[in-house]
Amino acid sequence: NAGVTQTPKFRILKIGQSMTLQCAQDMNHNYMYWYRQDPGMGLKLIYYSVGAGITDKGEVPNGYNVSRSTTEDFPLRLELAAPSQTSVYFCASSYSQGNGSPLHFGNGTRLTVT
Amino acid sequence: TQLLEQSPQFLSIQEGENLTVYCNSSSVFSSLQWYRQEPGEGPVLLVTVVTGGEVKKLKRLTFQFGDARKDSSLHITAAQPGDTGLYLCAGEYAGGTSYGKLTFGQGTILTVHP
């Protein structure tokens, strides 16, 4: 059982380039999330999805886009990369939302924008 | 934006010592989760607390939820080098537009020296 799989693990981008961070889960979870983690800042929610075809903004959505065409996949798109987007990105999924439902995280993508 | 204050940010202790990590907010949680994260990996759930005053034990780890459900603590007894990692609290606020979405604390980096 793979859980949540993120690719790539590492990436270096030049300012202005674009890329897609991939996320897939095999637990048939409806809820999926993208977080970024910066030192001393915990995890900040970028976007989330409550099911295929439905996405919504989180706390820090600017500069990012998402899509959810299937239950399994939730890619995060960076357009016009900026140094402020240097971070570690985590994708997560959960069975439900609310009621203390736990998040299952991938192992992250470390992105550097120079 | 609701804030979840976690302290201390860093802890460096010797093997065998006890420690406590705190998580505080001015708002009421419907539930609170504690995660542990190791380098290069995503956070992994340790425990969920949902009832005011609740105490949960996981081997040498004791988790407490405040009576008013605004704070929580993690106490580790006789810390071991294997406890080294980043500890994150994450709260699910009761009611309003934040329902069902987790807010993370800044994290506590724990280092246990042999």
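What you see is a predicted model, and the numbers here were worked out from it, not measured in a lab. Naming: A, B, ... by sequence-line order, numbering from 1 per chain.
Side-chain contact check for A:L111 versus A:Y89: some heavy-atom pair is nearer than 4.5 Å. Put simply, the side chain of A:Q37 does not reach to within 4.5 Å of the side chain of A:Y35, judged on heavy atoms.
Separation of the B:Y87 and B:Y35 ring centroids does not fall under the 6.0 Å cut-off.
For chain A, the option among B:C89, B:A90, B:G40 with the highest count of heavy-atom pairs below 4.5 Å is B:G40. With chain A as the partner, the residue from B:S31, B:P43, B:G107 showing the most heavy-atom pairs under 4.5 Å is B:P43. Contact count against chain B (heavy-atom pairs under 4.5 Å) is highest for A:G42 among A:G42, A:G108, A:S94.
Neither the backbone nor the side chain of A:Y31 comes within contact range of chain B; no heavy atoms are under 4.5 Å apart. Contact annotation for B:Q37: only side-chain heavy atoms (C-beta onward) come within less than 4.5 Å of a heavy atom of chain A. Residue B:L86 touches chain A through its side chain alone, counting heavy-atom pairs closer than 4.5 Å. In this structure, the portion of A:S101 lying under 4.5 Å from any heavy atom of chain B is its backbone and not its side chain. Contacts between B:E41 and chain A at a heavy-atom distance below 4.5 Å involve backbone atoms as well as side-chain atoms. Proximity to chain B is limited to the side chain of A:L45, based on heavy atoms less than 4.5 angstrom apart.
No side-chain donor-acceptor contact under 3.5 Å links A:Q6 to the backbone of A:K9. A donor-acceptor pair is defined here as one N or O able to donate and one able to accept, closer than 3.5 Å; no such pair exists between the side chain of B:D67 and the backbone of B:G52.
Salt-bridge formation is not detected for the pair B:D83/B:R36: no Lys NZ or Arg NE/NH1/NH2 atom is positioned less than 4.0 Å from an Asp or Glu carboxylate oxygen.
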**OP:** In sequence, state the C-alpha distance, the side-chain angles, and the governing distance for B:S12 and B:H113, and then conclude on side chain to side chain donor-acceptor pair (under 3.5 Å).
**Re:** CA-CA 7 Å; B:S12 181; B:H113 302 279; 2.8 Å; yes
